[in-house]
Amino acid sequence: MALGSRIGLKVFFVFLVISLLQSINFGQGNSRDLILNKTNKNTITNSQPHIFVTKLKKGHTIRVDVSELGFDIGIILSRQSDSQIMKKSDFSFGDGREVLIDTVDQDGFYEIGIVPIKENTSGVYEIISNINENLKEVDKVTIKAFQLVSEGIAISNKKTLEGHRLAISKLQSANLLWSKTEELYWQSRTLFYLGELHNVLEETKKALDYYDQAFLLTKKLGDLKYEASMYFHIGSLFYNLGKKLKALDYYAKALPLYKKLGNDWNRGSTLNNTGFIYYELGEYKKALDYFNQALPIRRKVNDIEGEARTLDNIGLATSRNSGSKKALLFFNLALQIWEKTNEREDQAKTLHNISKAHYNLKEFQKALEFLNQELFIRKTLKDRESEALILHNIGLIFSELGEYQVALGYYNQSLPIIKKIGDNFTEIETLNQIGILHSVLNEKPKALEYFEKSLFLLQQSDNPKLEAQTLENMGDTHRNFGENKKALEYYRLALPIYRKLKNRAKEALMLGAIGNEYSNLGKKQKAFEVITQAISIHSEIGNEAGQAQLLVFLGDIKRDLGETKQSFEYYKQALPLHKKIGNKLGEAISLSRIGIYFSNSANKQKALDFLSQSFEIVNTINNKEGKAKLFSHFGNVHQKFGDKQKALENYKKAINIYREIGNRKGEAEVLKFIQKVKK
């Protein structure tokens with residue numbers, strides 16, 4: 001979920017206002033006299049427009065300035081005799097100020113309508129107006145500047161590149177005119193919106209320059225409301241530039257001003273955005289603190305969409321802080337709001353977060369359910385990029401479920417879309433996933449074909465992380481097919497990249513894989529040296545699981561080198577680590593290795609004791625292959641100490657399990673042991 005809504009310029013096309021004004025019965029006491037050159041405060045209730053009446057002569061110029069306190073209004077000038085609309089305020093800079101300025105072309109009574117934009121709203125406004133009988137040169141300049149600003153805003157509202165460029169040109173012309181007047185307020189707003197337009201065009205340096213100019217004028221005016229808005233917008237700009245700490249500084253300056261001004265709407269947005277930056281910085285408790293401050297404020301001002309975004313953000317931070325199960329409570333509250341507001345884009349984002357939470361909880365069917373709901377919305381919105389990513393994620397879930405052919409189907413649906421939109425990163429990832437699936441399905445040529453396609457794309461981009469991952473995948477594929485030299489070659493290519501990336505966990509993993517291939521190639525001493533390096537890294541980064549696994553491997557290497565006492569020491573080191581981290585299978589393997597050591601040391605009882613402890617664990621976790629291996633080990637111990645009957649009994653139990661699970665290789669190995677007993 002991105003930062004909350006930005007507090008920017010508002011453009012009012014007041015068709016609703018016009019229709020409301022035209023429906024007013026002027027004989028019902030709505031009219032009131034216009035008091036000139038004096039600020040008047042008035043209260044509107046239930047969206048009832050206020051009508052001010054004044055007499056003007058041909059050539060008179062009237063100007064009306066309104067400050068809105070808590071709601072949005074429009075200003076309309078009409079001729080009383082025929083209710084003809086002469087002029088309307090059609091722009092505002094979103095900080096509670098409206099202006100209308102016009103020169104009339106005939107004598108008569110005129111009406112100024114102050115009309116709320118939304119129905120069923122109430123609020124306070126301040127109005128000041130004046131009339132110039134003889135239009136001065138400065139008034140002509142002011143009118144022209146307002147006209148240029150109005151045109152520029154209307155053009156930029158079309159949200160096209162050409163429109164933004166033309167709007168900038170008109171606003172720059174307006175700014176030159178403002179400098180010839182004393183209209184510092186509107187000049188500062190024009191400069192600010194020039195900054196906004198350059199920000200939209202990602203011309204950051206120019207945006208900051210205009211913001212700085214606007215800020216200086218704002219400080220000169222002593223306008224706290226706009227000063228707070230400037231802090232917020234500059235903070236948002238720095239966030240978009242990736243300068244998150246700078247953004248936090250500006251948000252921190254905006255917050256006390258919004259509190260002082262009683263502007264809870266913008267205060268809620270600023271608190272939310274501050275929390276989101278802390279979330280991205282990994283400070284989840286701090287993020288939750290700001291989100292929890294923002295939530296009641298957004299509820300208080302009835303900012304429904306803001307409330308949903310903050311709930312979503314609380315879910316994201318909670319998933320990191322307390323787990324996905326608790327996070328789902330907040331995501332579901334956000335989803336209920338999006339379903340009522342029909343904000344499809346935001347609804348899709350929340351559905352994605354819910355799906356991810358279920359995925360983290362290993363609730364794959366639930367994850368699929370919400371991903372499919374998101375997919376439907378993305379297709380409705382014609383969001384092809386998101387559609388491709390969802391198809392990719394669905395493929396990932398089916399891979400987790402072991403439904404590899406179904407997973408391939410989804411990846412193959414996503415791939416052409418990803419290619420079309422030119423998302424190289426996701427295309428490479430998808431090619432890798434397809435390659436992995438073909439490898440799992442024992443389709444080596446196809447697997448390597450997709451990895452090669454991935455490497456080709458990587459040569460045209462700078463993504464060392466994905467390059468290393470692809471090389472690792474190719475190594476795994478060759479290893480799975482017993483091609484140890486080829487596997488070693490790719491692992492050795494991946495290793496220096498992980499080192500350059502300073503990814504210590506992956507470096508240790510690659511060293512372990514390299515050591516394994518050296519061992520398979522009979523280079524036991526070389527394997528020992530490399531595995532020792534890997535264990536050292538695992539120890540350094542606190543990966544006890546990696547340490548324990550490789551300590552067993554070192555024991556196996558020393559055993560193969562005939563150094564049985566040293567092998568026993570490594571197995572003994574591995575055993576408490578496996579117990580500590582709760583790795584039952586690893587614990588069982590260590591116990592069985594120790595049992596075999598005592599068997600080779602002619603200590604039958606100790607051998608049977610450790611093998612029995614190992615068997616108890618594999619039986620509890622229902623690891624059938626482990627049970628078969630242990631029955632085979634029991635048989636070997638009994639055979640070694642001359643108890644052929646017990647040896648055969650255990651071998652037969654091992655064969656039965658191997659046949660049940662379809663392990664022909666294990667079955668063949670035990671049959672050889674039986675033949676030795678029977679000789």
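Excluded from the calculations below are hydrogen atoms, water molecules and symmetry mates; all remaining heavy atoms, backbone and side chain alike, are included.
The minimum heavy-atom distance linking A334 with A308 is given by the pair CB-O, 3.5 Å. In terms of heavy atoms, G595 sits closest to L611 at CA-CG, 4.3 Å. Across all non-hydrogen atoms, the minimal contact from E472 to Y491 is O-CE2, 3.7 Å. Heavy atoms only, all atoms of each residue included: Y490 and L471 are closest at CB-O, 3.4 Å. In terms of heavy-atom proximity, K624 sits nearest to I657 at O-CG2, 3.3 Å. The shortest non-hydrogen separation linking A487 to H478 is N-CB, 3.7 Å.
Counting heavy atoms from C-beta on, the side chains of I531 and E529 never come closer than 4.5 Å. Put simply, the side chain of N583 does not reach to within 4.5 Å of the side chain of E587, judged on heavy atoms. Y359 places a side-chain heavy atom less than 4.5 Å from the side chain of L396. Proximity of Y279 to L316: side-chain heavy atoms (C-beta onward) are separated by under 4.5 Å at one or more points. The shortest distance between side-chain heavy atoms of P464 and D462 falls below 4.5 Å. Within the 4.5 Å cutoff, the side chain of L415 has no heavy atoms near those of the L391 side chain. Under the 4.5 Å side-chain criterion, counting only non-hydrogen atoms from C-beta, L335 is in contact with I354. Annotation: side chain of Y651 is not in contact with side chain of K676 (no heavy-atom distance under 4.5 Å).
Separation of atoms OG1 (T620) and NZ (K584) is listed at 8.0 Å; rounding is to 0.5 Å. Here K286 contributes atom NZ and I277 contributes atom CD1; the two are 12.0 Å apart, rounded to the nearest 0.5 Å. For the atom pair D643 CG and K604 NZ, the distance stands at 5.5 Å (nearest 0.5 Å). The structure places CG of L550 at 12.0 Å from OG of S539, a figure rounded to the nearest 0.5 Å. Note that CG of L575 and CD of Q613 are 8.0 Å apart. Values are rounded to the nearest 0.5 Å. The line from CD1 of I655 to CG of L671 is 4.0 Å long, rounded to the nearest 0.5 Å.
The pair D556-R559 counts as a salt bridge, with a side-chain nitrogen and a carboxylate oxygen less than 4.0 angstrom apart. Using a 4.0 Å cut-off between charged side-chain N and carboxylate O, K453 and E427 make no salt bridge. Look at K665 and E669 and you find no salt bridge, because none of the NZ, NE, NH1 or NH2 atoms lies under 4.0 Å from a carboxylate O. Using a cut-off of 4.0 Å between Lys/Arg side-chain N and Asp/Glu carboxylate O, K523 and E517 are scored as not salt-bridged. Taking the charged nitrogens against the carboxylate oxygens, E387 and R384 do have a contact shorter than 4.0 Å, which makes a salt bridge.
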Note to self: Is there a side chain to side chain contact (heavy atoms under 4.5 Å, CB included) between N463 and N424? Walk through the geometry before answering.
What the structure shows: CA-CA 10 Å; N463 196 322; N424 271 20; over 6 Å; no
Item checked: Steps toward salt bridge (Lys or Arg N to Asp or Glu O under 4.0 Å) verdict (R504, E507) -> CA-CA 5 Å; R504 300 289 277 162; E507 181 184 351; 2.9 Å; yes
Next item on the list: Dump the intermediate steps for ring pair (Phe, Tyr, Trp, His ring centres under 6.0 Å) on F598 and F568, then the final yes or no.
Entry: CA-CA 9 Å; F598 280 119; F568 174 60; 5.5 Å; yes
Check: Taking it one step at a time, do Y410 and F398 satisfy ring pair (Phe, Tyr, Trp, His ring centres under 6.0 Å)?
Finding: CA-CA 9 Å; Y410 279 99; F398 277 112; 5.6 Å; yes
Checklist line | Test log, rule salt bridge (Lys or Arg N to Asp or Glu O under 4.0 Å), inputs K362 and E400 | finding: CA-CA 9 Å; K362 307 294 182 186; E400 293 276 4; 5.1 Å; no
Next item on the list: List the steps, then state whether ring pair (Phe, Tyr, Trp, His ring centres under 6.0 Å) holds for Y571 with Y597.
Entry: CA-CA 10 Å; Y571 297 144; Y597 165 78; 8.0 Å; no
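Side-chain atoms of K627 and N619 form a donor-acceptor pair, as typed in the model, at a separation below 3.5 Å. Looking at N272 and T310, their side chains do bring a donor and an acceptor atom within 3.5 Å of each other. Side-chain polar atoms of Q605 and D609 form a donor-acceptor pair below 3.5 angstrom. A donor and an acceptor atom, one from each side chain of H358 and E363, are located under 3.5 Å apart. For the residue pair Y518 and Q525, no side-chain donor N or O sits within less than 3.5 Å of a side-chain acceptor on the partner. Between the side chains of Q639 and K646, no donor-acceptor pair is found at a separation under 3.5 Å.
Side-chain atoms of N480 come within 3.5 Å of backbone atoms of D476 as a donor-acceptor pair (strictly under, hydrogens ignored). Between the side chain of S319 and the backbone N or O of S324 there is no donor-acceptor pair closer than 3.5 Å. Counting only distance, with no hydrogens or angles, the side chain of T430 and the backbone of T426 share a donor-acceptor pair below 3.5 Å. A donor-acceptor pair is defined here as one N or O able to donate and one able to accept, closer than 3.5 Å; no such pair exists between the side chain of S614 and the backbone of F610. Between the side chain of S612 and the main chain of L608, a donor-acceptor pair closer than 3.5 Å is present. Of the possible donor and acceptor atoms, one in the side chain of S414 sits under 3.5 Å from a partner among the backbone N and O of Y411. Using a distance-only test at 3.5 Å, with no hydrogens or angles considered, no donor-acceptor pair links the side chain of N603 to the main chain of S599. Remark: side-chain polar atoms of T350 are paired, donor with acceptor, to backbone N or O of D346 under 3.5 angstrom. Under a 3.5 Å cut-off, the side chain of S355 and the backbone N or O of A367 do form a donor-acceptor pair. With Y570 contributing its side chain and I557 its backbone, the two residues share no donor-acceptor pair below 3.5 Å.
Between F615 and F631, the distance from one ring center to the other falls under 6.0 angstrom.
Environment of NZ in K486: sparse, with no more than 12 heavy atoms of neighbouring residues, nucleotides or ligands closer than 6.0 Å. Crowding of E616 atom CD: a count of heavy atoms from other residues, nucleotides or ligands under 6.0 Å not exceeding 12. Surrounding NZ of K243 are at most 12 heavy atoms belonging to other residues, nucleotides or ligands under 6.0 Å away.
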Which donor-acceptor pairs under 3.5 Å do the side chains of residues 432-441 make with protein atoms, sequence neighbours left out?
from : atom 1 : to   : atom 2 : distance (Å)
N432 : OD1    : T470 : OG1    : 3.3
N432 : OD1    : N473 : ND2    : 3.1
N432 : ND2    : I428 : O      : 3.3
N432 : ND2    : S454 : OG     : 3.4
N432 : ND2    : T470 : OG1    : 2.9
H438 : ND1    : E443 : OE1    : 2.5
S439 : OG     : T477 : OG1    : 3.4

Ignoring hydrogens and angles, write down the donor-acceptor pairs under 3.5 Å from the side chains of residues 368-377, residues two or more places apart or on other chains.
from : atom 1 : to   : atom 2 : distance (Å)
N372 : ND2    : L368 : O      : 3.0
E374 : OE1    : H352 : ND1    : 3.3
E374 : OE2    : R378 : NE     : 3.4

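A cation-pi contact links K558 to F528, judged by a cut-off of 6.0 Å to the six-membered ring centre and 45° from its axis.
In this structure K652 satisfies the side-chain contact (heavy atoms from CB on, under 4.5 Å) test with no other residue, sequence neighbours excluded.
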